[in-house]
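Presented below is the structure to which this report refers.
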Amino acid sequence: MMEAHPPLTAATLARLLGPWRVVGGADAARHPARTALAERITALILDGRVAVGARLPAERPLSEALGLSRTTVTAAYAHLVEQGYAAARRGSGTYTALPERLLASPSGGWHESLDPDPIDLTCAAPLPPLAALRAATSWAAERLPLLAGDVLQPYGLASLREAVAERYRARGLPTEPSQILITAGAQGAITLVGRLLIRSGDRVLVEGPTYPNAIDSFAGARARLTPVPLDPASGWADVPGGRPQAAAVSALGGAGAGLATATSRIPLAQAATRLSPRLVYTVPHFHNPTGMLMPADLAGPLARAARKAGAWLLADETITDAALDVPVPPPFAAAVGAADAERLLVCGSLGKSFWGGLRIGWLRAPSRVVHELAAARASLDLGSPILDQLIGVAVLQEGFGIEEERRREWRECRALLETQLRASMPDWSWRTPEGGLSLWVRLAEGEESTALVHRAATHGLLLQSGPRFGADPGTYERHLRLPYTQTPDKIREAVRRLAAARTALGPLRTSESRRDLVA
């Protein structure tokens, strides 16, 4: 039984739909608007932006909100029911549903692919380093009998907590094992923070765009998400009279003047100062999805602004080790003063630097917070797998990690993906990131990533659309995240399938008559 959800209003669904277009195909030729609307709602269900079991708006209000005839909306709903994405309940309305043929996606939502072996680019996760993984697993298996009676470790293995703490110390940040909590990946840390620190209705500031699973975690905690846009050129830093300052003022509801000098350079800090959130979430190192790197001198002012606002600051360092063109940045907390560090939480993992299948992450926090989180996790997972933790010790402490080799592979795959995209989609643009595991691509004028991702699935290519990375409905529709963590052969084939899907969409066949929510 799916959880009950509040009904979607016509205005909300219209915002989620954003700008959409009629695409090619035999059925579209007969019923273009009906098919386009049904496919758009289907795409929203598949990527999780519309919940399963939600009641769709009545036909008349939605037709008015979209500027369509009621007959078209009714026909679109009928098409959804026919395809299994909706169920009509007599006297109650039409509710979203899922066909049984769908599979859950690890990045959230579901996917439907006719290809028996699709290329999955929904997660920017590295392939397993088989030789190193075998060696680390063998090392861990030899030591497992010594821990047979200690299967539940709410704080994590002492040896792994020490290994993580030593990793911070080696990078110039004094850290005690008591400040480390081992979690099921960095996502486990984010979920725990949401469960312990966020109450229903609390405001959470996030970057725009940002990591979609963090959005889902905070939304699941019933937080009010407020995105603060990153500028494509300057990132977190403010530029007087430029786009970032305008975006920050917009996020603050127009109250952008009179801020302290220390925070006036940082829109995220401005928002914390004015809005008094419960939590501020940032991805400072090789930001997901843009790949941008926060200047080290912005960390201190941001942490100070969060602390003075009474907010917790959660810095996600999951991708820190994926430094491709610059040295690995120092820990975020290294630039934060002692008083401000009392409200600072930092999460990391081995999922990006070693292997995503090794579900080992951690949270660095004040010791008292670690104690509270360890108690709060009992109803969630009771502790991380012992064997995985031992493998983590082998990677961090015994020298089985192969970070430099991985970086070399990622540089080569990044260059390959860029070359393939320039040859197949020369009208797309992006900024080559200094690190990270993906490109944040801007599509050509008139293209929409939601429609492209939906069509790509029919060509055996699974992607995440740009709006999945925005806390505001309908934003980033002209963007697409493309990871370069697959093998060279799969990267070439992925671009070929993407180009085929783009061609299958055909030219724009309807004019844009709704409010443009594309960022």
Side-chain angles (χ1 to χ4, degrees), residues 124-126 156 160-161 163-177 179-194 206-207 210-214 217 230 235-236 268 279-300 302-303 306 312-324 326-336 340-341 343-356 358-366 369-370 373 392 395-396 401 403 406-407 410 433-438:
L160 182 54
R161 298 175 76 195
V164 174
E166 173 57 29
R167 186 180 182 89
Y168 280 112
R169 291 195 294 267
R171 296 170 59 214
L173 179 64
T175 302
E176 296 297 325
Q179 295 175 265
I180 303 299
L181 178 73
I182 304 302
T183 60
Q187 183 61 41
I190 294 170
T191 301
L192 271 175
V193 168
V206 299
E207 292 146 352
T210 193
Y211 176 46
N213 285 356
S217 290
L230 295 179
W236 293 264
L268 196 60
L279 178 75
V280 179
Y281 172 73
T282 181
V283 187
H285 301 154
F286 314 120
H287 175 266
N288 186 4
T290 67
M292 291 188 290
L293 177 62
M294 179 187 288
D297 64 348
L298 297 188
L302 177 56
W312 293 93
L313 175 60
L314 175 58
D316 188 340
E317 291 186 329
T318 304
I319 319 176
T320 297
D321 288 324
L324 304 185
V326 295
V328 175
F332 183 90
V336 175
D340 302 328
R343 305 287 292 185
L344 174 62
L345 315 170
V346 179
C347 64
S349 85
L350 294 176
K352 303 300 185 184
S353 59
F354 189 72
W355 178 42
L358 187 65
R359 303 307 302 150
I360 292 298
W362 54 82
L363 189 79
R364 184 188 184 277
V369 179
V370 168
L373 287 168
V395 171
L396 292 175
E403 293 170 359
R406 308 309 305 272
R407 293 186 188 111
W410 295 332
E434 298 167 310
L437 302 174
S438 58

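FYI, side chains are in, hydrogens and waters are out, and symmetry mates aren't considered; it's all heavy atoms of this structure.
For the atom pair CG (N288) and OG1 (T318), the distance works out to 8.5 Å, reported to the nearest 0.5 Å. Annotation: the span from L268 atom CG to W236 atom CH2 amounts to 9.5 Å, rounded to 0.5 Å. To the nearest 0.5 Å, atoms NE2 (H285) and CG (L293) are separated by 6.0 Å. Distance check, rounded to the nearest 0.5 Å: CH2 of W362 to CG of L181 gives 12.5 Å. Distance check: R359 CZ to I182 CD1 gives 13.0 Å after rounding to the nearest 0.5 Å. One finds the CG atom of L160 at 7.5 Å from the CG atom of L350 (value rounded to the nearest 0.5 Å).
For the pair E207 (side chain) and L230 (backbone), a donor-acceptor distance under 3.5 Å is absent. Remark: side-chain polar atoms of K352 are not paired, donor with acceptor, to backbone N or O of G436 under 3.5 angstrom. Under a 3.5 Å cut-off, the side chain of R406 and the backbone N or O of F354 do form a donor-acceptor pair. Side chain of R171 to backbone of P329: a donor-acceptor contact under 3.5 angstrom is found. Side chain of R161 to backbone of P177: a donor-acceptor contact under 3.5 angstrom is found.
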Stepwise side chain to side chain contact (heavy atoms under 4.5 Å, CB included) test for V369 and W312: CA-CA 11 Å; V369 179; W312 293 93; 3.7 Å; yes
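The shortest heavy-atom contact between H287 and T210 is NE2-CA, 4.2 Å. Across all non-hydrogen atoms, the minimal contact from A306 to L313 is CB-CB, 4.0 Å. Nearest approach of W355 to P126, heavy atoms of both residues: CD1-O, 3.6 Å. Residues C347 and A186 share a closest heavy-atom pair of SG-CB, 4.3 Å. In this structure, T290 and P433 approach most closely via the heavy-atom pair O-CB, 4.3 Å. Nearest heavy-atom pair, L437 versus A322, reported as atom, atom and distance to 0.1 Å: CD2-CB, 4.1 Å.
Between E317 and R167 no salt bridge is recorded (no basic side-chain N to carboxylate O distance below 4.0 Å).
Counting only heavy atoms from C-beta outward, the side chains of L314 and L363 approach each other to under 4.5 Å. Proximity of R407 to V328: side-chain heavy atoms (C-beta onward) are separated by under 4.5 Å at one or more points. In this structure the side chain of F332 reaches within 4.5 angstrom of the side chain of L344, judged on heavy atoms. The shortest side-chain heavy-atom distance between I319 and Y211 does not fall under the 4.5 Å cut-off.
For R169, the side-chain hydrogen bond (donor to acceptor under 3.5 Å, both in side chains) partners two or more places apart in sequence, or in a different chain, are E162, E166.
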